[in-house]
Amino acid sequence: MEYNFRETEKKWQAYWAKNKTFSPEENLLKPKFYSLDMFPYPSGAGLHVGHPLGYIASDIYSRYKRMRGYNVLHPMGYDSFGLPAEQYAIQTGQHPAVTTEKNIARYREQLDRIGFSFDWSREVRTSDPSYYKWTQWIFIQLFHSWYNKTSDKAEPISTLVSQFEKDGNGLVHAQHSCERTFTAAEWKSFTEKEQQQVLLQYRLTYLSDTMVNWCPKLGTVLANEEVKDGLSERGGFPVVRKLMKQWSMRITAYAERLQKDLELIEWPESIKEAQKNWIGKSEGSTVEFKLDNEIGVIEVFTTRPDTIFGVTFLTLAPENELVSMITTPDFKEAVTAYVNVASNRSERERMADVKRISGVFTGAYATHPFSGEKIPVWVGDYVLAGYGTGAVMAVPGHDSRDYAFAKHFDIDIREVVKGGDLSKEAYEAKDGTIINSDFLNGLSVKEAMAAAIEAIEKRAIGKRRINFRLRDAIFSRQRYWGEPIPVFFKDDVPYTLPEEQLPLVLPEVDKYLPTEEGEPPLARAKNWQTMDGYPLETNTMPGWAGSSWYFLRYMDPHNDKRFADEKAVNYWKDVDLYVGGAEHATGHLLYVRFWTKFLFDMGHIPVNEPARKLVNQGMIQGVSSFVYRINGTNTYVSHHQKQNFETTALHVDVSIVKDNVLDLQKFKAWLPENKDAEFILDDGNYICGSEVEKMSKSKHNVVNPDEMVELYGADTLRMYEMFLGPVEQSKPWNTNGITGVFGFIKKFWKLFHVSGSFAVSEVQPSKAELKVLHKTIKKITDDIERFSFNTSVATFMICVNELTDLKCDKRGILEPLTRILSPYAPHIAEEIWSRLGNTGSISGVEWPQLIEEHLVDDAFSYPVSFNGKTKFNLEIPLNLSASEIQERVMTAEETRKFLGDKEVKKVIVVPGRIVNIVI
RNA sequence: GCCCACGUGGCGAAAUUGGUAAACGUUGCGGUCUCAGAAGCCGUUGGAGUAAUUUCCUUGGGAGUUCGAGUCUCCCCGUGGGCACCA
């Protein structure tokens with residue numbers, strides 16, 4: 001009679017696998033629902049209790065949608081290229097493919113035990129050649145494409161070549177990095193090599209000398225989002241700026257669309273906001289300032305053209321080429337010294353030093369285009385070479401950086417927008433009236449902006465312009481464990497491999513380290529370096545390449561003719577529900593949008609965005625335990641006495657700590673160096689310190705789900721993880737409440753038992769029982785639709801308690817209840833479903849119908865308060881449905897008996913709630 | 001510095017459109033069962049007053065809108081996240 005979850009869960013997991021219960025049908029007439037989880041990187045630490053949080057939520061939703069008649073695609077796979085496997089390989093000499101395979105097997109085993117409804121026949125692995133064949137194929141498509149700003153989409157490179165042949169590049173409106181202009185005749189006179197070099201500067205993936213984030217310790221370049229505060233995200237090693245020949249992806253071509261299309265998708269505001277910040281669109285104008293002595297002009301970019309009359313100096317970035325040209329002899333020495341110091345400072349130093357103001361006067365002057373005033377030109381490292389034009393018009397009155405600079409060097413500060421107090425700080429608000437500004441006087445900031453831009457354009461000294469903070473994404477990595485870039489070099493110019501030669505398989509190497517000459521590990525491979533005698537590219541792709549299109553591969557994962565068949569792509573289209581962590585906001589989630597838009601432009605897929613709805617699951621954090629070692633000794637001091645000593649806090653494995661008390665025997669056995677450890681105790685116990693942190697192997701705070709499944713079963717684990725709180729919220733893992741959920745499963749099982757044996761009654765349910773059932777159906781349906789699974793668990797508990805009180809044993813109630821429980825606790829639901837005499841899986845059964853009449857009470861009687869005093873009970877006729885009553889407006893006549901002669905216009909009744917009285 | 005989110009019992013939390021705040025679980029306390037324990041089961045558990053039906057207070061702080069505010073508006077405080085010399 002006791003519910004045997006171990007046996008039952010194993011039985012049904014085997015059943016699902018054998019019957020392929022969760023493979024979607026080949027039925028294109030049925031509506032589709034594509035439910036996707038971000039696939040995991042299979043790390044050596046195995047799956048921890050944080051991973052399943054999002055997977056459980058999407059699994060509940062997927063199972064629900066299946067019962068609602070949708071053809072559901074719910075796949076899972078592995079993001080199996082990555083740095084940890086490679087670093088492990090460097091240390092042990094073991095091939096990353098071997099460790100990855102082992103880790104995947106472990107993940108799979110752990111995932112299976114939780115009872116997910118994944119269609120494993122569609123599993124993908126990014127490190128599998130049959131998969132990365134198509135990652136390489138997409139790379140080749142990007143290589144052979146350019147971004148035409150006129151049509152506002154990517155086009156084949158051939159359309160660009162024909163424009164060059166017709167008109168040269170003067171009229172081409174493209175996203176590119178080509179600095180020369182040429183005519184059609186010149187184009188035709190170019191050698192093959194010259195033409196290829198030009199084309200490279202237009203391709204959507206291109207090779208160029210780029211300032212990159214070089215991490216010497218990791219021996220590789222890193223993308224901007226892999227660098228945090230001048231240190232590598234993985235490992236925390238210093239990162240320096242370095243000029244290197246690198247592949248990049250021209251994501252900047254899509255900046256505008258990536259920003260604008262955020263409006264079309266149902267993603268969390270915080271993610272949209274993060275992407276907007278990252279893209280960093282700013283609208284403004286360029287302005288030219290003519291330099292004295294006919295040297296030329298300084299072009300600046302400003303978002304505040306309205307403050308142009310407040311300009312009292314110009315500042316150039318130290319790297320700006322103009323600096324050496326304009327500096328007058330008197331200032332040469334100082335300027336050269338300053339530029340040298342600035343260029344030698346590392347990115348990290350410059351960031352750490354934001355507060356320090358530095359700069360130097362060049363001796364040169366420019367003329368203000370409107371007032372004709374002489375404006376001094378300075379050099380300052382607060383101006384970035386890589387943004388805008390590398391030069392700014394300084395308006396100290398209305399920009400805090402210019403203000404600080406002017407104060408420091410005692411430069412004139414001029415007020416041109418009314419509203420602030422310039423003796424204290426710059427007035428940056430875009431709100432106020434323009435003063436001291438000639439033809440702009442009296443206008444608002446907004447009006448002045450438009451007027452100033454108009455005047456600038458009229459005089460042809462500048463143009464309206466939009467700048468983006470977004471940079472092109474560096475695409476090469478000097479690593480082994482990644483997709484080889486399908487490119488060879490002829491005459492130093494890159495060419496892509498013929499598509500029929502894909503995949504370009506990762507070669508074997510003797511060591512996973514760079515060569516002595518500093519070439520990437522792939523340069524070690526024998527019989528690899530050439531393609532018809534031409535050398536192959538030895539860089540590999542970054543981690544995000546494989547994950548930027550995997551959602552498409554699941555649609556048709558075994559196709560070797562196309563990344564996915566057209567029919568499949570047109571049916572499944574895009575992801576309806578995407579669940580994953582918010583840490584990918586400006587990485588994966590931006591790149592997958594970029595590649596989707598590109599594939600859409602080229603006509604390969606019918607959608608412009610990869611995922612309609614995104615839900616971020618929170619992180620389940622670990623509670624780390626600490627021991628305190630007295631410095632220079634092998635003595636550990638208990639938490640409360642540690643302030644008396646100089647100690648170092650060390651992470652200790654959470655499995656040998658219970659309620660903050662350390663198991664001393666286990667601690668001694670844990671690590672060899674602990675064998676002779678001594679302790680200073682509190683009341684005979686060693687008390688550990690604790691802290692909430694991210695779960696990770698190195699912090700020894702990882703809790704695996706296996707243990708929970710073993711103790712309480714998968715259904716309890718699933719419901720408990722949901723019960724912990726909203727899916728979106730991060731929270732530390734604790735098992736305090738799990739007995740409550742475990743008790744629920746047991747009580748539910750008990751409902752089906754009469755004196756020890758399984759039985760249900762065929763008697764018609766009572767009114768009260770039907771009310772409990774339909775209340776629950778309504779609540780659970782609402783909860784699932786709005787992704788509020790924690791409240792569902794509470795609802796189930798209330799329902800079971802009420803039915804237990806009613807001693808309900810009727811099939812008419814218990815059978816539909818089993819159905820709505822099945823997405824949450826599928827194993828016990830399947831078992832009951834089969835014991836009730838049904839064949840087949842409960843997962844294909846229809847979701848029970850909600851009958852609203854059952855929710856209506858026999859009589860409504862509401863306590864009503866009026867003016868905080870008058871109290872009476874208001875009764876409402878029974879013959880109205882719940883929704884009718886909700887909207888029912890009572891007439892004055894009906895209410896007069898309660899409120900006497902007061903003039904009551906109407907009374908609004910909300911079932912179960914207060915009444916609104918309008919007088 | 002800028003942008004965003006959040007702040008409710010001892011704890012995790014609920015309150016869906018502005019409508020009885022604290023559902024559900026846990027912890028603690030009391031009881032029942034037991035040789036004993038585990039597991040069940042029953043009662044109680046925001047604060048204050050009361051012998052008691054019951055009354056008053058309470059959603060970080062302050063103000064406002066409203067018949068009515070945890071929910072809406074403004075200011076302040078605190079926590080978390082994103083961006084960070086981006087002109």
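Hydrogens, waters and symmetry mates play no part in the numbers below; they use all other heavy atoms, side chains included. Numbered from 1 within each chain, the chains take letters A, B, ... in sequence-line order.
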[N] and [M]: how far apart are their [atom1] atoms, nearest whole angstrom?
| N | M | atom1 | value |
| --- | --- | --- | --- |
| U58(B) | A69(B) | C1' | 14 Å |
| A15(B) | C74(B) | C1' | 25 Å |
| U65(B) | A14(B) | P | 31 Å |
| C4(B) | G10(B) | C1' | 32 Å |
| G12(B) | G28(B) | C1' | 16 Å |
| G40(B) | A5(B) | P | 43 Å |

Could you give the [atom1]-to-[atom2] distance, from [X] to [N], as a whole number of Å?
| X | N | atom1 | atom2 | value |
| --- | --- | --- | --- | --- |
| D399(A) | C2(B) | CG | P | 13 Å |
| E428(A) | C85(B) | CD | C1' | 12 Å |
| M722(A) | A14(B) | CE | P | 13 Å |
| R469(A) | C2(B) | CZ | P | 18 Å |

So, OP1 or OP2 of [N]: does either fall under 4.0 Å of a side-chain N or O from [X]?
| X | N | answer |
| --- | --- | --- |
| R786(A) | A15(B) | yes |
| N801(A) | G25(B) | yes |
| N790(A) | A14(B) | yes |
| S730(A) | G80(B) | no |
| Y387(A) | A87(B) | yes |

From C-beta outward on [X], which listed nucleotide comes closest to its side chain: [options]?
| X | options | answer |
| --- | --- | --- |
| K746(A) | U16(B), C24(B), G40(B) | G40(B) |
| V383(A) | C3(B), A87(B), C83(B) | A87(B) |
| L724(A) | A13(B), A15(B), G12(B) | G12(B) |
| F723(A) | C83(B), C4(B), G12(B) | G12(B) |
| P726(A) | C4(B), A13(B), A23(B) | A13(B) |
| T739(A) | A87(B), C4(B), U26(B) | U26(B) |
| T791(A) | A14(B), C24(B), A87(B) | A14(B) |
| S270(A) | C4(B), A87(B), C83(B) | C4(B) |
| N736(A) | U26(B), A87(B), C83(B) | U26(B) |

Legend entry - Note: K779(A)-D783(A) ion pair, threshold 4.0 Å (strictly below):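 Salt bridge present between K779(A) and D783(A).
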Inset, instruction - Tell me what K747(A) touches on the nucleic acid: a base, only sugar-phosphate, or nothing, going by heavy atoms under 4.0 Å. - result: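 Here K747(A) touches the backbone only, sparing every base.
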Legend entry - Over all atoms of both residues, closest heavy-atom pair of S624(A) and N701(A):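 Answer, listing the atom of S624(A) first, then N701(A): OG-ND2, 3.0 Å.
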Legend entry - E785(A) CD: over 12 foreign heavy atoms closer than 6.0 Å: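 More than 12 within 6.0 Å, yes.
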Legend entry - Ring centers of F796(A), F748(A) separated by less than 6.0 Å: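 No, too far apart.
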Inset, instruction - Assess the pair F789(A) and F787(A): is the distance between their ring centroids shorter than 6.0 Å? - result: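 Close enough - the centres of the two rings lie under 6.0 Å apart.
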Inset, instruction - Report yes or no: does R464(A) contribute a side-chain atom to a donor-acceptor pair with the main-chain N or O of I453(A) at less than 3.5 Å? - result: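 Side chain of R464(A) to backbone of I453(A), a donor-acceptor pair under 3.5 Å: no, none is there.
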Inset, instruction - Starting from the 5' end of RNA chain B, give me the residue, D402(A) or Q729(A), whose nearest nucleotide shows up first. - result: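 It is Q729(A), whose closest nucleotide lies nearer the 5' terminus.
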